[in-house]
Amino acid sequence: MPQAQTIESAVNPNLVTPFINSVRDVFDKMAGVKITAQEPHLKAGKSTGHDISGIIGFSGAVAGSVVVSFPKAVAERLVEAFVRMPLECGTPDFVDAVGELVNMIAGSAKPYLGGVASISLPSVVIGQGYTVASMSSTPCVIIPCSSPHGDFAIELCIARQAGA
Amino acid sequence: MKVLVIDDSRAMRMILKTTLRELGHEVSEASNGQEGLDVLKSSGPFALALVDWNIPLVNGYEFVCKVRADPAYAAMKMVMVTTEVETSQVAKALGAGANEYVMKPFTKDILRDKIEMLAAA
């Protein structure tokens with residue numbers, strides 16, 4: 001009988017810690033919001049239940065995607081703390097702010113992942129009940145995050161590339 | 001102090017504008033390097049420009065080079081606002097005439113300290 005895959009065996013912790021540090025740092029410095037990262041766990045099944053996701057792709061020494069997903073009310077409060085004014089969900093300014101947040105989180109983590117990697121421009125998805133699919137060969141780790149404005153999650157589907 | 005903020009992200013411009021106004025500065029903005037050069041032409045020299053690296057049309061590095069090539073703006077200080085990703089580019093910008101850089105994410109205190117340091121120089 002095959003053993004269940006554990007997070008330790010599936011994912012290099014050196015790829016997870018930089019994102020925990022960067023999400024704390026970005027929200028603390030830019031929004032004055034303290035973030036608590038919960039125990040990361042392997043993603044099981046599809047990711048649904050969030051309303052807004054910021055997505056960034058990695059290529060080079062580290063490849064895959066990073067998705068930061070929020071419930072609508074949490075995203076609105078965090079964006080307001082970030083830009084220090086309320087922005088209506090779905091407006092271009094709101095989308096730009098979510099993209100900038102995700103870009104900053106990925107950009108701050110990138111130097112600590114090892115090797116030379118590039119990040120894409122961020123994409124922002126707004127909707128309900130959507131699924132964020134990822135490369136089947138890459139294990140995905142969920143980092144649950146808590147803030148005074150509510151919970152959100154970082155989904156890491158990244159891996160070091162052989163020979164990179 | 002009269003400050004020009006150049007960033008293609010409206011969110012970043014909002015953050016920088018709010019922070020700089022809280023610090024007592026007068027702020028104008030531009031969403032790309034060419035617009036930044038146009039604002040300089042129409043509004044005259046600024047004491048300080050905060051410049052993002054990845055901006056359209058005329059990028060941050062090109063903006064610094066163009067400004068430093070014009071003696072009319074010799075006294076204007078320029079600060080690159082960038083992510084840690086672009087550290088090698090920061091060195092290039094400093095070599096081209098940028099005075100300082102601020103790494104994102106930053107706090108209001110970090111921004112204030114950099115500006116005060118430049119004003120005192």
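The chains referred to below are lettered A, B, ... by the order of the sequence lines, with proteins before strands, and numbering in each begins at 1.
Only the side chain of A:Met104 comes within less than 4.5 Å of a heavy atom in chain B; its backbone stays farther off. There is no contact between A:Leu101 and chain B, counting heavy-atom distances below 4.5 Å. For a residue to count as touching a neighbouring chain, one of its non-hydrogen atoms must lie under 4.5 Å from one of that chain's; by this rule A:Phe82 touches chain B with backbone and side chain alike.
For OH of B:Tyr101, the number of neighbouring non-hydrogen atoms (other residues, nucleotides, ligands) closer than 6.0 Å is 12 at most. Other residues, nucleotides and ligands contribute more than 12 heavy atoms inside 6.0 Å of the CD atom of A:Gln38. B:Lys66 NZ: 12 or fewer foreign heavy atoms inside a 6.0 Å radius.
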task: Evaluate the side chain to side chain contact (heavy atoms under 4.5 Å, CB included) criterion for residues A:Glu100 and B:Ile15: first the C-alpha distance (whole Å), next the side-chain angles of each, then the deciding distance (0.1 Å), finally the verdict.
output: CA-CA 11 Å; A:Glu100 188 63 35; B:Ile15 292 163; 5.8 Å; no
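With values rounded to the nearest 0.5 angstrom, B:Leu111 atom CG is found 12.5 Å from A:Lys29 atom NZ. With values rounded to the nearest 0.5 angstrom, B:Met12 atom CE is found 4.5 Å from A:Met30 atom CE.
Minimum heavy-atom separation, A:Val83 to B:Thr18: O-OG1, 4.4 Å. Considering all non-hydrogen atoms of both residues, B:Lys104 and A:Ser108 come closest at O-OG, 4.0 Å. Nearest heavy-atom pair, A:Asp96 versus B:Ser9, reported as atom, atom and distance to 0.1 Å: OD2-OG, 2.8 Å.
B:Leu57 is not connected to B:Met80 by any chain of hydrophobic side-chain contacts under 4.5 Å among Ile, Leu, Val, Met, Phe, Trp and Tyr, and they are in different clusters. Put simply, B:Met117 and B:Met1 are part of two different groups of oily side chains (I, L, V, M, F, W, Y) that touch within less than 4.5 Å, one to the next. Hydrophobic cluster membership differs between B:Leu23 and B:Val79, with clusters built from Ile, Leu, Val, Met, Phe, Trp and Tyr side chains linked at under 4.5 angstrom. Using a 4.5 Å cut-off between side-chain heavy atoms of Ile, Leu, Val, Met, Phe, Trp and Tyr, with links allowed through other members, A:Val116 and A:Phe19 fall into different hydrophobic clusters.
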